[in-house]
Undergrad: 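Below you will find the structure I want to go over with you.
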Amino acid sequence: MKEKVLKLKENALEEVKKLSKEADVLNCKAKYLGKKSELNEFLSSLKELSVDEKKVMGPLLNQTKKELEEAFSQKLEEINNQVSYDFDETLPIYVETGSMHPITLVIKEMTDIMKKMGFTVVSGPEMEEEYYNFEALNIPKDHPARDMQDTYYLSNGKLLRTHTSPNQVRAMQKYGAPLKVCAPGRVFRNEDMDANHDTTFFQLEGMVIDKGISISNLIYVMRSLLSETFKKEVKVRLRPGFFPFTEPSFELDCSCLICGGKGCPTCKNSGWLEFCGCGMIHPNVLRESGIDPDEYTGFAFGFGVTRIAMMKYKIGDIRVLNSGDVRSLQEFEIE
Ligand code: DAH
């Protein structure tokens, strides 16, 4: 019997060595260790043996069973490990990562700078009431300034805001004075589209109201904000302008970002780039929003964020920005 058991073990080990499929190993295991296996029969017949024989055969059978079990599980593990080699670890891994939209980046960068200067970021609805977009900003019905800001009038009596300036009024009414807020956002106009004009673009409004605020505060804030945004010292200058909601009103120019003021094709040899509208908040606007113009003064400005993004990332055609084409995003030099 001892010989038979040893032979059985030898055969089983020999057989399992040659197998390479999981199913075959499991079948082989059933053959040698299953209920109907020869080994099991030997184990059942132990009780019929004499005490001395039991002393020899008992340990031998148990040891054989253990060794075979180990051989089978080792083989199964070997096969399972081999399966993982089907995965080619040498293949290059290509992970497509997204990137932020240039306008999102510029808004984030500029509002971060403004937050450090003490501004609070506010927002208002894109579908705006005529009152906030025009009347409260000293632009009554039939005022010629409405012509330049023609927009989409909706059937619910509202309109798509033409600028971020309505946020000035909303903030003044909500928080009162003193106040230091900025409001980035999307604006809309009835516009013929070309490389420089789109019906949908972005602005960033800024406003400071306190006792004794003057034009020099406006110049200082604008110069600091633009220098930080473009990461270089810039000069600013004011030219007279007209906006119904500021008095006096200005057009703000910034020293050319390309030539630094010497004159180049970008600035049409003037050394200056036209940047944004600004001015001292009109007393009518302050009064309309519940702030006493004899006690408080303030300045406001409105940037074209879309233009800044185009300059910063050298984007030649404004229409790319609203195209939703991810390939175009990958082209910009965004660090
Ligand atoms: N809202 C004006 C526009 O879209 C820009 C502007 C001018 C904003 C003067 C201001 C400002 O806050 O004071 O054309």
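As the structure lists them, so they are numbered: ligands from 1, and atoms in each ligand from 1.
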Undergrad: Do H163 and F245 have ring centroids that are under 6.0 Å from one another?
TA: yes
Undergrad: Go through the side-chain N and O atoms of Q63 and E67 and say whether any donor and acceptor fall under 3.5 Å apart.
TA: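 The criterion, which ignores hydrogens and geometry beyond distance, is satisfied for E67 and Q63.
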Undergrad: State, with a plain yes or no, whether a side-chain heavy atom of L238 is found less than 4.5 Å away from one of C278.
TA: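 Yes, close enough: below the 4.5 Å cut-off.
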Undergrad: Need the list: ligand 1 N/O atoms against protein N/O atoms, distance under 3.5 Å, rounded to one decimal.
TA:
residue	atom	partner	partner atom	Å
ligand 1	1 (N)	H163	ND1	2.9
ligand 1	1 (N)	S165	OG	2.9
ligand 1	4 (O)	R189	NH2	2.8
ligand 1	4 (O)	Q203	NE2	2.9
ligand 1	12 (O)	Q168	NE2	2.9
ligand 1	12 (O)	E205	OE2	2.6
ligand 1	12 (O)	F301	N	3.3
ligand 1	12 (O)	F301	O	3.4
ligand 1	13 (O)	A300	O	3.1

Undergrad: Checking R170 against Y132: charged group under 6.0 Å from the ring centre and within 45 degrees of the axis?
TA: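 The answer is yes, since R170 meets both limits relative to Y132.
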Undergrad: For L252 versus V236, what's the shortest heavy-atom pair and its separation?
TA: CD2-CG1, 4.1 Å
Undergrad: Are any of the side-chain heavy atoms of L321 and M310 separated by less than 4.5 Å?
TA: yes
